[in-house]
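Please read the structure below before turning to the comments.
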Amino acid sequence: MAHTPQQTIIDFLSTPIRTPDSTISIHGESRTRMGVMYTDGGVGAVAATIRFHKERLIPLHYAALLTFVDANARTWEFACFARQEGEHNWVFKGGGSISTKNVEKMPHVNIAGGWVEGGFYAGGIVNMNGKTITRAKILSTDGLIFEDSVDDGRVLFVTDREDIFAPVRVLLYDVAGVVVSSHIGFGV
């Protein structure tokens, strides 16, 4: 039993990888990507390489952006979510890898996360593409707004609400508070 959400995440990520349960299609605004779904096991991270870059804690809910190197010497950017179930028991509820590729011409966020039992989390790397981006907002189709500062090129959002409607719009702001770019995230 892990007493901290960080240790829960370290324990999960450093568990050896299992065979995927199924292949899934992730449909985006302009392209479809293939992914795999696992229901047990970890991702084979080398525990000593796990670095937490950004964390958010609200009552009973925790999200983090981190990096690690896996057993095959690949470096990963990852978003994770854990939920507290009992006084000292944190349970890993979800995680996703974040692409480090910059394929867009305008500033955007390579985002990972989504809906999990107990809430919603999203985080990613801000590709500034020559602009100075200081804040980001996520706006759901039902009008809920989540906001974060850009720190070390990353943003992170977490809520205990499971009823966030997709798709969500990601808005990026410059130092003057002007919207520099907008794009769809989780365009399911």
Side-chain angles (χ1 to χ4, degrees), residues 9 13 24-36 43 45 49-58 61-70 74-82 93-116 119-188:
I9 288 170
L13 294 177
I24 58 173
S25 296
I26 303 165
H27 303 283
E29 187 175 60
S30 60
R31 63 184 179 270
T32 299
R33 296 181 308 263
M34 297 304 293
V36 292
V43 294
T49 68
I50 298 172
R51 300 286 177 263
F52 289 80
H53 296 283
K54 196 160 192 173
E55 302 171 89
R56 292 285 180 264
L57 177 65
I58 61 174
H61 302 81
Y62 172 84
L65 293 177
L66 49 91
T67 55
F68 63 86
V69 175
D70 69 14
R74 289 180 299 201
T75 300
W76 294 76
E77 291 269 353
F78 221 76
C80 295
F81 181 87
K93 291 293 186 177
S97 63
I98 302 166
S99 173
T100 57
K101 294 179 182 174
N102 184 5
V103 297
E104 305 293 331
K105 293 182 177 153
M106 291 298 294
H108 67 283
V109 179
N110 287 350
I111 201 163
W115 295 259
V116 291
F120 170 84
Y121 73 105
I125 299 168
V126 179
N127 292 297
M128 299 193 196
N129 289 332
K131 304 284 186 183
T132 300
I133 308 298
T134 60
R135 298 204 65 73
K137 288 183 183 179
I138 288 182
L139 175 63
S140 69
T141 57
D142 60 340
L144 289 174
I145 298 173
F146 306 96
E147 185 172 354
D148 192 26
S149 61
V150 176
D151 302 302
D152 193 28
R154 294 174 175 91
V155 292
L156 181 60
F157 311 90
V158 65
T159 181
D160 59 356
R161 303 238 350 224
E162 295 182 39
D163 60 344
I164 307 301
F165 294 105
V168 297
R169 179 153 297 280
V170 179
L171 304 167
L172 299 174
Y173 295 82
D174 66 12
V175 70
V178 175
V179 175
V180 173
S181 181
S182 171
H183 64 88
I184 296 295
F186 306 112
V188 182

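Start at 1 with the first residue, then count along the sequence. What you see below is based on every heavy atom in this structure, not just the backbone, and it leaves out hydrogens, waters and symmetry mates.
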(message) If you define the side chain from C-beta out and look only at heavy atoms, does anything of Arg169 sit under 4.5 Å from Ile184?
(response) yes

(request) Enter the distance from Tyr62:OH to Leu57:CG here, rounded to the nearest 0.5 Å. (result) 8.0 Å

(request) Kindly indicate whether the side chain of His61, heavy atoms from C-beta on, has any atom under 4.5 Å from the side chain of Phe81. (result) yes

(request) Could you give me the CA-CA distance, side-chain angles and deciding distance for Ile9 and Phe78, then say whether side-chain contact (heavy atoms from CB on, under 4.5 Å) is met? (result) CA-CA 11 Å; Ile9 288 170; Phe78 221 76; over 6 Å; no

(message) Show the nearest heavy-atom pair for residues Leu171 and Ser182, with the distance to one decimal.
(response) CD2-OG, 3.4 Å

(message) So which atom in Pro107 and which in Val180 form the shortest heavy-atom distance, rounded to 0.1 Å?
(response) CG-CG1, 3.8 Å

(request) Report the distance from atom CG of Leu144 to atom CD1 of Ile138, rounding to the nearest 0.5 Å. (result) 11.0 Å

(message) For Arg135 versus Val150, what's the shortest heavy-atom pair and its separation?
(response) N-CG2, 3.8 Å

(message) For Gly95, is there any backbone N or O sitting under 3.5 Å from a side-chain donor or acceptor partner on Tyr121?
(response) yes

(message) What's the separation between atom CG in Asp151 and atom CG in Leu156, rounded to the nearest 0.5 Å?
(response) 10.0 Å

(request) Determine whether Asn127 and Glu104 make a side-chain contact, defined as any pair of heavy atoms from C-beta on separated by less than 4.5 Å. (result) no

(message) Looking at every non-hydrogen atom in both residues, tell me the closest pair between Tyr173 and Lys137 and how far apart they are.
(response) OH-CD, 3.5 Å

(message) I'd like to check Leu13 versus Cys80 (side-chain heavy atoms, cut-off strictly below 4.5 Å). Are they in contact?
(response) yes

(request) Could you pull out the closest heavy-atom pair between Ile111 and Ala122, with the gap in Å? (result) CD1-CB, 3.9 Å

(message) Show the nearest heavy-atom pair for residues Ala79 and Ala112, with the distance to one decimal.
(response) CB-O, 4.1 Å

(message) Would you compute the distance between atom OG1 of Thr100 and atom CD1 of Ile125 and round it to the nearest 0.5 angstrom?
(response) 6.0 Å

(request) Drop me the distance from Lys131's NZ to Leu172's CG, to the nearest 0.5 angstrom. (result) 12.0 Å

(message) Taking Asp174's backbone N and O only, do any of them form a donor-acceptor pair with Thr134's side chain (distance below 3.5 Å, no angle check)?
(response) yes

(message) Are the side chains of Val168 and Phe146 in contact, using a 4.5 Å heavy-atom criterion?
(response) no

(request) Supply the atom-to-atom distance His108 NE2 to Asn129 CG, rounded to the nearest 0.5 angstrom. (result) 6.5 Å

(request) Decide yes or no for Thr67 and His53: does some side-chain heavy atom of the first lie under 4.5 Å from some side-chain heavy atom of the second? (result) yes

(request) Begin from the C-alpha positions of Ile98 and Arg154 and carry the test side-chain contact (heavy atoms from CB on, under 4.5 Å) through to its verdict. (result) CA-CA 11 Å; Ile98 302 166; Arg154 294 174 175 91; over 6 Å; no

(message) Does any part of the side chain of Val126, heavy atoms only, come nearer than 4.5 Å to the side chain of Val155, both counted from C-beta?
(response) yes

(request) Flag the pair His183 / Met106 as yes when at least one side-chain heavy-atom distance between them is below 4.5 Å, and no otherwise. (result) no

(request) Determine yes or no for a side-chain-to-main-chain donor-acceptor pair under 3.5 angstrom, with Asn110 supplying the side chain and Asn102 the backbone. (result) no

